[in-house]
Amino acid sequence: MEWVFLFIAGLFEAAWAIGLKYTEGFTKLYPSVLTIVCMFLSFYFLSQSLKTLPIGTSYAVWTGIGIIGTTILGFLLFNEPMDFARGFCIILIFSGILGLRIISL
């Protein structure tokens with residue numbers, strides 16, 4: 001269950017990172033509230049996973065999921081560039097997450 005919590009935490013991390021763009025410096029109420037809720041949920045689920053998972057592994061996976069999600073959403077929502085080099089780096093991050101999961105079995 002701790003890996004499910006960690007995955008959910010990573011998804012909320014990507015959500016709050018994208019939400020920051022919509023807050024316009026926390027000047028827009030609804031995006032700001034939603035972003036803060038996503039921050040809280042991200043930290044909550046991360047803390048739940050830390051009850052049994054090592055901190056180094058958890059933090060690396062949490063940020064990795066956030067990086068991948070934020071990069072993909074930035075490409076889809078904000079027309080940010082996605083070239084071969086960026087795609088390759090995202091694959092490397094995913095490989096690192098997968099490797100950490102495998103060695104944690």
Side-chain angles (χ1 to χ4, degrees):
M1 195 65 182
E2 63 273 1
W3 283 97
V4 173
F5 288 149
L6 187 55
F7 182 73
I8 293 169
L11 294 178
F12 277 115
E13 190 207 0
W16 70 254
I18 291 297
L20 284 174
K21 181 91 168 167
Y22 288 106
T23 69
E24 295 184 18
F26 289 101
T27 60
K28 301 218 176 235
L29 178 63
Y30 295 117
S32 297
V33 170
L34 185 59
T35 298
I36 291 168
V37 168
C38 286
M39 286 176 176
F40 172 81
L41 290 171
S42 180
F43 287 118
Y44 171 77
F45 283 108
L46 176 62
S47 72
Q48 295 306 301
S49 73
L50 290 175
K51 289 180 180 179
T52 54
L53 294 175
I55 184 70
T57 299
S58 298
Y59 187 73
V61 171
W62 177 64
T63 56
I65 293 169
I67 290 166
I68 292 169
T70 303
T71 303
I72 291 170
L73 289 171
F75 171 72
L76 295 173
L77 298 173
F78 307 119
N79 296 316
E80 293 179 356
M82 179 61 77
D83 53 23
F84 175 78
R86 283 183 176 87
F88 181 70
C89 290
I90 292 299
I91 290 169
L92 290 175
I93 293 168
F94 180 77
S95 299
I97 292 170
L98 191 59
L100 287 170
R101 174 64 179 112
I102 290 169
I103 65 171
S104 296
L105 291 175

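For the single chain, residues carry numbers from 1 onward in sequence order.
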Review point. Tracing side-chain links under 4.5 Å among I, L, V, M, F, W and Y, which residues wind up in one group with Leu77?
Key: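 Listed partners: Ile18, Tyr22, Leu73, Phe78.
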Do [X] and [Y] land in one hydrophobic cluster if side-chain heavy atoms of ILVMFWY residues count as linked below 4.5 Å?
| X | Y | result |
| --- | --- | --- |
| Met1 | Phe43 | no |
| Ile67 | Leu100 | yes |
| Leu92 | Ile97 | no |
| Val37 | Trp16 | no |
| Ile102 | Val61 | yes |

How about [X] and [Y]: do any of their side-chain heavy atoms sit closer than 4.5 Å?
| X | Y | value |
| --- | --- | --- |
| Leu50 | Leu6 | no |
| Val4 | Phe7 | no |
| Arg86 | Cys89 | no |
| Leu20 | Met39 | yes |

Exercise for review: Run the numbers on Trp3 and Leu53 for side chain to side chain contact (heavy atoms under 4.5 Å, CB included), then give the verdict.
Suggested key: CA-CA 8 Å; Trp3 283 97; Leu53 294 175; 3.5 Å; yes
Approximate separation, where rounding is to 0.5 Å, of [X] [atom1] and [Y] [atom2]:
| X | Y | atom1 | atom2 | result |
| --- | --- | --- | --- | --- |
| Ile93 | Ile65 | CD1 | CD1 | 11.5 Å |
| Leu76 | Met82 | CG | CE | 8.0 Å |
| Ile36 | Phe26 | CD1 | CZ | 5.0 Å |
| Gln48 | Ile8 | CD | CD1 | 10.5 Å |

Review point. Which is it for Leu41 and Glu13 under the side chain to side chain contact (heavy atoms under 4.5 Å, CB included) test, yes or no, and what are the steps along the way?
Key: CA-CA 9 Å; Leu41 290 171; Glu13 190 207 0; over 6 Å; no
Review point. Between the main-chain N or O of Ala9 and the side-chain N or O of Ser42, is there a donor-acceptor pair closer than 3.5 Å?
Key: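 At least one qualifying donor-acceptor pair exists.
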Practice item. Could you tell me whether a side-chain N or O of Thr57 sits under 3.5 Å from a main-chain N or O of Pro54, the two making a donor and an acceptor? Key: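 Answer holds: no.
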Review point. Cut-off 3.5 Å, side chains only: do Ser49 and Trp62 have a donor facing an acceptor?
Key: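 Trp62 and Ser49 do not have a side-chain donor-acceptor pair below 3.5 Å.
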Practice item. Using the six-membered ring wherever Trp is involved, compare the ring planes of Phe5 and Phe45 and label them parallel, tilted or perpendicular (cut-offs 30° and 60°). Key: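 Because their plane-to-plane angle lies in the 30° to 60° range, the rings of Phe5 and Phe45 count as tilted.
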**Study point:** Residues which pass ring-ring contact (aromatic ring centres under 6.0 Å, His included) with Phe94, listed by chain and number, not counting sequence neighbours
**Key:**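 Listed in chain order: nothing, the list is empty.
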Review point. What pairs with Ser58 under side-chain hydrogen bond (donor to acceptor under 3.5 Å, both in side chains), at least two apart in sequence or on another chain?
Key: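 side-chain hydrogen bond (donor to acceptor under 3.5 Å, both in side chains) list for Ser58, sorted by chain: empty.
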